[in-house]
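Counting begins at 1 with the first residue of the sequence.
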Amino acid sequence: QVQLVESGGGLVQPGGSLRLSCATSGTTFSIYAMGWYRQAPGKQRELVASITRAGITNYADSVKDRFTISRDSAKNTLYLQMNSLKPEDAAVYYCMADTVPHRYWGQGTQVTVSS
């Protein structure tokens with residue numbers, strides 16, 4: 001089993017930055033990909049960014065060139081650096097870890113973008 005704990009959410013003004021962290025524990029050796037998803041009120045959960053075991057990254061068109069997904073393998077931690085935040089980025093952000101045969105989710109962390 002894998003446990004995921006997000007942190008780093010909060011309130012930021014448009015144009016500001018936040019860095020989200022996802023600490024992993026458990027059978028982390030089984031993880032082959034991780035990602036960040038977000039869900040705004042009344043909207044479907046959407047993929048924001050992902051990274052594979054090999055280090056290949058993928059971004060939603062709406063966040064590319066503003067967000068960066070990265071990992072620190074020694075710390076078993078996933079990060080999402082969010083720059084130039086827009087009001088439409090406001091959502092609950094969830095950390096995800098893919099294993100065989102399960103997909104694991106964190107509890108979510110709220111990101112609010114408001115002036």
Return the minimal non-hydrogen interatomic distance between Leu47 and Trp36, and the atom names on each side.
-> CD1-O, 3.6 Å
Short question: side chain of Thr27, backbone of Phe29 - any donor-acceptor pair under 3.5 Å?
-> no
Heavy-atom donor-acceptor pair, Arg53 side chain to Ala33 backbone, under 3.5 Å = no
If you link I, L, V, M, F, W and Y whenever their side-chain heavy atoms are under 4.5 Å apart, who else ends up in the same group as Ile56?
-> none
Is it true that Lys64 and Asp61 have a side-chain N and a carboxylate O under 4.0 angstrom from each other?
-> yes
Crowded around Asp65 CG? As in, over 12 foreign heavy atoms under 6.0 Å?
-> no
Tell me, do Cys95 and Leu78 make a side-chain contact under 4.5 Å, heavy atoms counted?
-> yes
Distance-only, no hydrogens or angles: does the Thr24 side chain make a donor-acceptor pair with backbone N or O of Asn76 under 3.5 Å?
-> yes
Given side chains that start at C-beta, do those of Tyr32 and Thr52 come closer than 4.5 Å, heavy atoms only?
-> no
Where Ser21 and Thr77 come nearest, the two heavy atoms and their spacing = CB-CG2, 4.3 Å
Under a 4.5 Å cut-off applied to non-hydrogen side-chain atoms, are Asp89 and Arg38 in contact?
-> yes
Please examine the side chains of Met34 and Arg71, heavy atoms only from C-beta on, and report whether any two atoms are closer than 4.5 Å.
-> no
Which residues share a side-chain hydrogen bond (donor to acceptor under 3.5 Å, both in side chains) with Asp98, sequence neighbours left out | Arg103
Indicate the ring-plane relationship of Tyr94 and Trp105, choosing parallel, tilted or perpendicular according to the 30° and 60° boundaries.
-> perpendicular
Test log, rule side chain to side chain contact (heavy atoms under 4.5 Å, CB included), inputs Ser70 and Ile51 | CA-CA 7 Å; Ser70 62; Ile51 185 167; 5.8 Å; no
Nearest heavy-atom pair of Leu4 and Tyr104: which atoms, and what distance?
-> CD1-O, 3.5 Å
Sidechain-backbone polar pair: Ser30 side chain, Thr28 backbone, donor-acceptor under 3.5 Å = no
Is the backbone N or O of Gly10 less than 3.5 Å from a side-chain atom of Gln110, with the two atoms forming a donor-acceptor pair by type?
-> no
Heavy-atom closest pair (Val92 atom, Gly108 atom, distance to 0.1 Å) is CG1-CA, 3.8 Å
Taking all non-hydrogen atoms of both residues into account, name the closest pair between Ser115 and Pro14 and its distance.
-> N-CD, 3.7 Å
Is there side-chain contact between Met82 and Ser17, with heavy atoms separated by less than 4.5 Å?
-> no
Identified side chain to side chain contact (heavy atoms under 4.5 Å, CB included) counterpart of Leu85 within the set Val63, Val12, Thr112 = Val12
Is it true that a side-chain atom of Thr99 and a backbone atom of His102 form a donor plus acceptor pair closer than 3.5 Å?
-> yes
Is it possible for you to say whether Leu18 and Val113 belong to one hydrophobic cluster, with membership spreading through side-chain heavy-atom contacts below 4.5 Å?
-> yes
Check whether any side-chain heavy atom of Gln44 sits under 4.5 Å from a side-chain heavy atom of Glu46, and report yes or no.
-> no
ILVMFWY cluster, Met96 and Val48 together (side-chain gap under 4.5 Å) = no
Minimum side-chain heavy-atom gap Arg66-Tyr59 below 4.5 Å = no
Test item: Arg19 side-chain N/O and Gly9 main-chain N/O as donor-acceptor pair under 3.5 Å | no
Atom CD of Glu88: over 12 foreign heavy atoms under 6.0 Å | yes
Tell me, do Tyr79 and Ile69 make a side-chain contact under 4.5 Å, heavy atoms counted?
-> no
Rounded to the nearest 0.5 Å, how far apart are OG of Ser25 and CD of Gln3?
-> 4.0 Å
